[in-house]
Amino acid sequence: MISASCAQYERLGIAVIEKTPELFAITKSLGDGRFCGHFAHQAQPEYKGVLSGGRCVAFEAKHTDAGRNRPR
């Protein structure tokens with residue numbers, strides 16, 4: 001939904017915001033589609049871009065299907 005919103009902002013000339021890829025290195029295959037690995041670089045904001053007028057924007061995107069009153 002976030003990427004679709006960013007695409008709409010670009011179509012409307014409001015902003016150009018792109019998702020930052022996270023480089024992941026696979027170190028060992030465990031078979032059956034499983035593997036060991038690690039992120040290759042220090043994390044960066046998930047989305048970065050420029051708003052109309054030149055102001056920069058960067059943000060993280062988080063999601064959960066759990067309700068707020070979920071026991072911990």
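Throughout, residue positions are numbered sequentially from 1 according to the sequence presented.
Atoms CG and SG, from L30 and C36 in turn, are 4.5 Å apart once rounded to the nearest 0.5 Å. Taking CD1 of I2 as the start and CD of E60 as the end, the distance is 10.0 Å to the nearest 0.5 Å. Atom CZ of F59 sits about 4.5 Å away from atom SG of C6, to the nearest 0.5 Å. Here OG1 of T27 is found 9.0 Å from CZ of F35. Values are rounded to the nearest 0.5 Å. Rounded to the nearest 0.5 angstrom, L51 CG and I17 CD1 are separated by 6.0 Å.
Residues that satisfy the side chain to side chain donor-acceptor pair (under 3.5 Å) test with R55, not counting sequence neighbours, are absent from this structure. Taking K19 as the reference, E46 meet the salt bridge (charged side-chain N to carboxylate O under 4.0 Å, His left out) condition, with sequence neighbours excluded. Residues meeting the side chain to side chain donor-acceptor pair (under 3.5 Å) test with T20, sequence neighbours left out: none.
Within a 6.0 Å sphere centred on CD of Q8, other residues, nucleotides and ligands contribute more than 12 heavy atoms. The environment of Y47 atom OH is dense: over 12 non-hydrogen atoms of other residues, nucleotides or ligands sit within 6.0 angstrom.
In this structure, the side chain of S52 does not engage the main chain of A15 through any donor-acceptor pair within 3.5 Å.
No continuous path of hydrophobic side-chain contacts links I14 to V16 [ILVMFWY only; heavy atoms under 4.5 Å].
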